[in-house]
Colleague: 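First, the structure itself, so that you have it in front of you.
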Amino acid sequence: GVILELVHIASLVHDDIMDGAELRRNLPTAAAKWGNSLSVLLGDVLFAHALELSSEYDDNVVSRAIARASRDVCAGEILQTQRRYDLNLSVPDYLKIIEMKTAALFAAATHLGAYLNDSSPEVQASMKNYGLRLGTAYQIYDDCLDLVGDESTAGKTLRTDLAKGKL
């Protein structure tokens, strides 16, 4: 859980830079506090630390799953950035982006939870699929929150997605 949370926090640090967000959890973002240059490096260190911790498992299933999820989160952000202001962005394209940038991390969490508890391959696959769907639903909710949410309730800077061309 700690490893996945490090990946998650790293992705939020980078996301806040890209969005120009001032608040996260009712506190100044790293970028607002220390600037973009240090914040990029902070996000990178968090990713690296997560990968280092994942390598401490005796087999490589955990470290590979964490590395894949980290790669997918970053690749999803790249794809989303490439598609900024793209009025031809389809629903399947949007779902692919959020599957990569968010749901991949949820899927890794649910899959590894089952794997580390010696569940059958069928249960592991089911849990991974559940995480993928839960992560997709969460990101849809978060994207809606950005459009119509209340910053004081959400605890983070809102209404940045459309301004940054994230359609």
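Residue numbers start at 1 and run along the sequence shown.
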Colleague: Would a single hydrophobic cluster contain both Leu42 and Val73, if residues Ile, Leu, Val, Met, Phe, Trp and Tyr are joined by side-chain heavy-atom contacts under 4.5 Å?
Modeller: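 Same hydrophobic cluster.
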Colleague: Would you indicate whether Arg83, at its atom CZ, is surrounded by more than 12 heavy atoms from other residues, nucleotides or ligands within a distance under 6.0 Å?
Modeller: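 It does: Arg83 CZ has more than 12 such atoms within range.
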Colleague: For the pair His111 and Asn129, evaluate side-chain hydrogen bond (donor to acceptor under 3.5 Å, both in side chains) and give the outcome as yes or no after the intermediate values.
Modeller: CA-CA 8 Å; His111 168 249; Asn129 187 48; over 6 Å; no
Colleague: My understanding is that only one of Ile66, Val7, Leu4, Leu112 makes a side-chain contact (heavy atoms from CB on, under 4.5 Å) with Ser54; could you say which?
Modeller: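 Of Ile66, Val7, Leu4, Leu112, side-chain contact (heavy atoms from CB on, under 4.5 Å) with Ser54 is met by Ile66 alone.
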Colleague: Please find the pair of heavy atoms, one from Gly35 and one from Ser39, that lie closest to each other, and give the distance.
Modeller: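 Nearest heavy atoms, Gly35 then Ser39: O-OG, 2.7 Å.
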Colleague: Count I, L, V, M, F, W, Y as connected when their side-chain heavy atoms are under 4.5 Å apart, and connections chain through other members. Are Leu23 and Leu27 then in the same cluster?
Modeller: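 No, because Leu23 and Leu27 fall into different hydrophobic clusters, even though each may have its own neighbours under 4.5 Å.
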Colleague: Which heavy-atom pair separates Ala31 from Asn36 by the least distance, and what is that distance?
Modeller: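 Heavy atoms of Ala31 and Asn36 come nearest at CB-OD1, 3.5 Å.
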Colleague: Do you know the tightest heavy-atom contact between Phe47 and Ser11?
Modeller: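 So the two residues come closest at CZ-N, 4.1 Å.
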Colleague: Is there a donor-acceptor pair under 3.5 Å between the side chain of Glu151 and the backbone N or O of Leu158?
Modeller: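 Yes: the side chain of Glu151 pairs with the backbone of Leu158.
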Colleague: What are the two closest heavy atoms between Ala65 and Ala108, and how far apart are they?
Modeller: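 Shortest heavy-atom contact: O-CB, 4.4 Å.
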Colleague: Between Leu132 and Phe106, is a side-chain contact (heavy atoms from CB on, under 4.5 Å) present by the stated rule, with each step listed?
Modeller: CA-CA 6 Å; Leu132 201 60; Phe106 279 70; over 6 Å; no
Colleague: Heavy-atom distance under 4.5 Å between the side chains of Lys101 and Gln80, does that happen here?
Modeller: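 In contact.
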Colleague: side-chain hydrogen bond (donor to acceptor under 3.5 Å, both in side chains), that's the test. Do Asp150 and Ser152 meet it? Break it down for me.
Modeller: CA-CA 6 Å; Asp150 175 47; Ser152 63; 2.5 Å; yes
Colleague: Are Ile78 and Met18 linked, directly or through other ILVMFWY residues, by side chains that come within less than 4.5 angstrom of each other?
Modeller: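 Hydrophobic grouping puts Ile78 apart from Met18.
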Colleague: Any chain of hydrophobic side-chain contacts (each under 4.5 Å) joining Ile9 to Leu51?
Modeller: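 Both belong to a single hydrophobic cluster.
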Colleague: State whether the number of non-hydrogen atoms from other residues, nucleotides or ligands found under 6.0 Å of Arg71 atom CZ is greater than 12.
Modeller: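 Yes, CZ of Arg71 has more than 12 neighbouring heavy atoms, counting only those of other groups under 6.0 Å.
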Colleague: Enter the distance from Lys156:NZ to Arg25:CZ here, rounded to the nearest 0.5 Å.
Modeller: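 Here the rounded value is 9.0 Å.
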Colleague: How far does CG of Leu79 sit from CD1 of Ile98, to the nearest 0.5 angstrom?
Modeller: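 Rounded to the nearest 0.5 Å, the CG-CD1 separation comes out at 12.0 Å.
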Colleague: Under the 3.5 angstrom rule, does the side chain of His49 hit a backbone N or O of Leu6 as a donor-acceptor pair?
Modeller: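 Checked: no pair found.
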Colleague: What are the two closest heavy atoms between Met100 and Ala75, and how far apart are they?
Modeller: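 Here Met100 and Ala75 meet closest at CE-CB, 3.5 Å.
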Colleague: Can you hop from Leu95 to Tyr141 via hydrophobic side chains spaced under 4.5 Å?
Modeller: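 Different clusters.
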Colleague: Give a yes or no on this: more than 12 heavy atoms of other residues, nucleotides or ligands lie within 6.0 Å of atom NZ of Lys128.
Modeller: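 Atom NZ in Lys128 is not crowded, with 12 or fewer foreign heavy atoms closer than 6.0 Å.
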Colleague: Measure the spacing between CD of Glu99 and CG of Asp72 and express it to the nearest 0.5 Å.
Modeller: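 Nearest 0.5 Å value for the CD-CG distance: 8.5 Å.
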Colleague: Decide whether Ser63 and Asn60 meet the rule of one side-chain donor and one side-chain acceptor closer than 3.5 Å.
Modeller: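 There is no such pair (donor and acceptor under 3.5 Å, judged by atom type) between the side chains of Ser63 and Asn60.
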Colleague: With a 4.0 Å cut-off on N to O distance, would you call Asp146 and Arg159 a salt bridge?
Modeller: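 No salt bridge links Asp146 with Arg159.
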Colleague: Around atom OH of Tyr130, are there more than 12 heavy atoms of other residues, nucleotides or ligands at under 6.0 Å?
Modeller: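 No, the 6.0 Å shell around OH holds no more than 12 heavy atoms from other groups.
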Colleague: In Å, rounded to the nearest 0.5 Å, how long is the span from NZ of Lys96 to CG of Leu89?
Modeller: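 Spacing of NZ (Lys96) from CG (Leu89) equals 13.5 Å.
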Colleague: With heavy-atom distances below 4.5 Å as the criterion, would you say the side chains of Asp118 and Gln124 are in contact?
Modeller: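 No, every pair of side-chain atoms sits at 4.5 Å or beyond.
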Colleague: How many angstroms lie between OG in Ser70 and CG in Leu105, if you round to the nearest 0.5 Å?
Modeller: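 Here the rounded value is 7.5 Å.
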Colleague: Quick check: does any side chain N or O of Asp19 sit under 3.5 Å from a backbone N or O of Ala21, one acting as donor and the other as acceptor?
Modeller: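 Not at all, since once roles are kept as given, no pair shorter than 3.5 Å links the two residues.
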Colleague: Test question: given the 4.5 Å side-chain rule for I, L, V, M, F, W and Y, name all other residues clustered with Leu167, or answer none.
Modeller: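 Leu167 clusters with Leu87, Leu147, Val148, Leu162.
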Colleague: Does Thr81 reach the main-chain N or O of Glu77 with its side chain, forming a donor-acceptor pair under 3.5 Å?
Modeller: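 Side chain of Thr81 to backbone of Glu77: a pair is present.
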Colleague: Could you tell me which non-hydrogen atom of Glu22 sits nearest to which non-hydrogen atom of Thr157, and how far apart they are?
Modeller: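 Here Glu22 and Thr157 meet closest at N-OG1, 3.0 Å.
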Colleague: How long is the gap from CH2 on Trp34 to CG on Leu41, to the nearest 0.5 Å?
Modeller: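 Reported to 0.5 Å precision, the distance equals 12.5 Å.
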Colleague: Apply salt bridge (charged side-chain N to carboxylate O under 4.0 Å, His left out) to Lys166 and Asp15, showing your working.
Modeller: CA-CA 12 Å; Lys166 297 178 184 179; Asp15 196 45; 3.5 Å; yes
Colleague: Measuring only between side-chain heavy atoms, which start at C-beta, is Val123 closer than 4.5 Å to Asn117?
Modeller: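 With C-beta onward as the side chain, the pair stays apart.
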